[in-house]
Every structure is written in C-alpha cells, then in structure tokens.
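This report concerns only the one structure given below.
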Amino acid sequence: EGFERAATTYQTHAQVQTAMADWVAAWLPVVREGRALEIGAGPGIFTRRLLPWNGPLFATDISPAMCAAGQAAWPEANWLPMAADAPSDGPWDWIFSSSMLQWAADPEAIFAAWRDHLSRDGRILAGLFVAQTLPELRVLIGPPDQLPWRTVEEWREYVERSGLQIVRESIERRVFHHTSALSLLQSLHGTGTAPQRHVTPGRLRRVLQEYDARHGSTAGVSSTWTFYRFEARKAE
C-alpha cells in the first residue's frame, strides 16, 4: 500500500535507491541480450540502466501504479504487475532486482521460484539493503515493524537453500546526508519505506530533534545504509 501511494513521489526521493541501482548496474554484462526479467522495478530506476536491451525485457512490480509510472518513463520495456514469488513464464536468461528483496517475507520461496524460471545458464543479479542499515533511526525509535534487516549470512543461506549458487558478491556501507532528520523521514515516506510505528506527534518531534542533535554536521544529517549485491546461478 505504501509503495502504491509512493508511485508519484518515489523518483524524487530515491537518492539511496538510485545509488543502489548504479552499484548493481556496474555488474551488468557487457553484452546485454537474452530474455530478461526485472522484479520489483518500481518506476524504472534500475530499468533504465538495462537499456538498450537486445531481446525481450520485462519490468515488473507488485504495484500497478508503479508499473504505470515505469511504462510512461521507459516504454522500451514490457511492463506488468507481478508478485516476486510468482515470476512470469521463462526460462529467463537474466533475473534482475534492485532495492526490493529486503521487503521479502519469505526470501527462500522467492529464490526457489526464480531458480525454477531460470534458463540452464541463466543468472540472477540483485542488490538489497542488509543489517546495519539506518542504525541511527533504530536506536531512537526501535526496529521498523515491517522490516527486520537481515544479515548477509542469512541472505547467503536463503540463496543456497533454494538451489542457487552465488558466483560473486560484495558489501558496501554508505553514508547519505539530508538537510534535517525531517527531510530524511520525508524521503522515507516518499519512497514508501518509512517505518510503520505508532509514534505520537510529540514523541516524533522529540525523536527528530534528538536525531538532528546526534547526527547533524556541516554536511547535513547523516544516515547509514549497508548495500549488498550478488550474482547467482543454478547450483551444480
């Protein structure tokens, strides 16, 4: 629901997601061809980095509003609403995902479904946020109800238990800056990723003031994100 509402504001506030898309795109193949499926495409931040693509390219998202925004921006891809654990018929030579998997309730089921729809030599290329993301906010308001940050070790286990094999992976911690804690919170709301906790207006004001005091500098208010990317194939 949050992502559906954020379809018109996502691009404006997606500083972190854009950085993730650039980081994952650095591992794209030199020759971009074959049958490709992007899952959790949102309004097309990573999709545009796939273009031009030689062959069928399907960009999907569970939110119809996100797909509509992506279709308007990047009509070169075929857009359709789709759940991550129910991919369209393959076999796919590539399955891509950027800034989506951290939302998965059952990652192992998703990876198993992706494996079943990969071609024999197909690859998965994905990037997501892992544990030690937004630790500053967590200290002040507690863990987000809907998003338990998982460790890299947990993600490796999900991949391997689903019959996939990691070919390469990397982790990177990055610090982003906003003009204030309120600006950070607005960016989280704008991308549909704000923590869903019942916080009174008075407490929220105190949290934002404390965040500004603890994490403000001449560069602005900081937030830490931990990026993880991996490429995988069917296990031998």
Side-chain angles (χ1 to χ4, degrees), residues 3 7 10-11 14-104 107 110-129 155 158-159 162-170 172 191 227-236:
F3 291 112
Y10 192 99
Q11 189 84 40
Q15 174 193 15
V16 176
Q17 291 80 5
T18 298
M20 173 69 82
D22 287 335
W23 194 57
V24 176
W27 279 5
L28 284 172
V30 175
V31 180
R32 301 182 184 188
E33 64 182 13
R35 291 179 52 81
L37 175 68
E38 184 188 357
I39 299 177
I45 290 176
F46 185 74
T47 314
R48 73 178 182 87
R49 290 156 175 79
L50 297 172
L51 300 171
W53 188 271
N54 183 20
L57 171 61
F58 286 79
T60 70
D61 197 277
I62 198 168
S63 162
M66 286 290 192
C67 288
Q71 175 70 52
W74 309 106
E76 302 95 322
N78 302 289
W79 288 84
L80 71 157
M82 193 196 79
D85 59 356
S88 300
D89 289 339
W92 300 102
D93 300 309
W94 285 95
I95 294 178
F96 299 110
S97 177
S98 181
S99 299
M100 183 280 294
L101 279 166
Q102 68 275 357
W103 295 100
I110 289 175
F111 290 142
W114 293 6
R115 181 195 179 281
D116 290 345
H117 289 78
L118 271 183
S119 64
R120 187 185 65 176
D121 297 318
R123 297 292 177 104
I124 292 168
L125 178 59
L128 63 147
F129 306 109
W155 283 106
Y158 293 137
V159 171
S162 64
L164 294 166
Q165 174 183 356
I166 292 176
V167 177
R168 56 177 171 167
E169 63 179 353
S170 66
E172 189 168 304
T191 55
F227 290 20
Y228 175 53
R229 64 182 169 184
F230 69 88
E231 183 178 331
R233 64 186 178 197
K234 289 184 176 182
E236 297 175 352

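Residue numbers start at 1 and run along the sequence shown.
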Check your understanding: Given side chains that start at C-beta, do those of V159 and I124 come closer than 4.5 Å, heavy atoms only?
Key -> no

Practice item. Give, for atom CZ of R35 and atom CD1 of I95, the distance between the pair rounded to the nearest 0.5 Å. Key: 10.5 Å

Point to revise | W53 side chain vs G34 backbone, donor-acceptor pair below 3.5 Å | key: yes

Review point. Does D61 use its side chain to pair, donor to acceptor, with the backbone of G42 at less than 3.5 Å?
Key: yes

Study note, to complete from the structure: Heavy-atom nearest pair, A73 first then P43, reads CB-O, 4.4 Å

Point to revise | Closest non-hydrogen atom pair between Q71 and A77, with its separation | key: OE1-O, 4.2 Å

Point to revise | Heavy-atom pair with the smallest gap, counting every atom of R49 and D22 | key: NE-OD1, 2.6 Å

Exercise for review: For the pair T60 (side chain) and E38 (backbone), establish whether a donor and an acceptor sit closer than 3.5 Å, ignoring hydrogens and angles.
Suggested key: yes

Review point. Looking at S97 and I39, what are the two nearest heavy atoms and their distance?
Key: OG-O, 3.5 Å

**Study point:** Separation of F227 CZ from M20 CE (nearest 0.5 Å)
**Key:** 5.0 Å

Review point. What is the ring orientation for F46 with F96, classed by angle as parallel under 30°, tilted 30 to 60°, or perpendicular over 60°?
Key: tilted

Check your understanding: Between L57 and E76, is any pair of side-chain heavy atoms under 4.5 Å apart?
Key -> no

Exercise for review: Using modelled atom types only, decide if a donor and an acceptor are shared between the side chain of W79 and the backbone of W74 within a distance under 3.5 Å.
Suggested key: yes

Review point. Are W155 and F230 near enough that their ring centres are under 6.0 Å apart?
Key: no

Review point. Tell me the salt bridge (Lys or Arg N to Asp or Glu O under 4.0 Å) pairs involving residues 81-103, sequence neighbours left out?
Key: none

Review point. With a 4.5 Å heavy-atom cut-off, do M82 and P87 have their side chains touching?
Key: yes

**Study point:** For the student: nearest non-hydrogen atoms of W94 and P29, plus distance
**Key:** CZ2-CG, 3.6 Å

Exercise for review: Can you see which heavy atom on M100 is nearest to which on G40, and at what distance?
Suggested key: CG-CA, 3.8 Å

Revision key, fill the gap. Distance col, row S98:OG vs I45:CD1, nearest 0.5 angstrom, shows 8.0 Å

Check your understanding: Would you call R115 and S162 a side-chain contact if the rule is heavy atoms closer than 4.5 Å?
Key -> no

Revision key, fill the gap. In short, salt bridge (Lys or Arg N to Asp or Glu O under 4.0 Å) pairs touching residues 227-236 with sequence neighbours left out are R123-E231, R168-E231, R233-E236

**Study point:** Ring-ring centroid check Y228 F129, cutoff 6.0 Å
**Key:** no

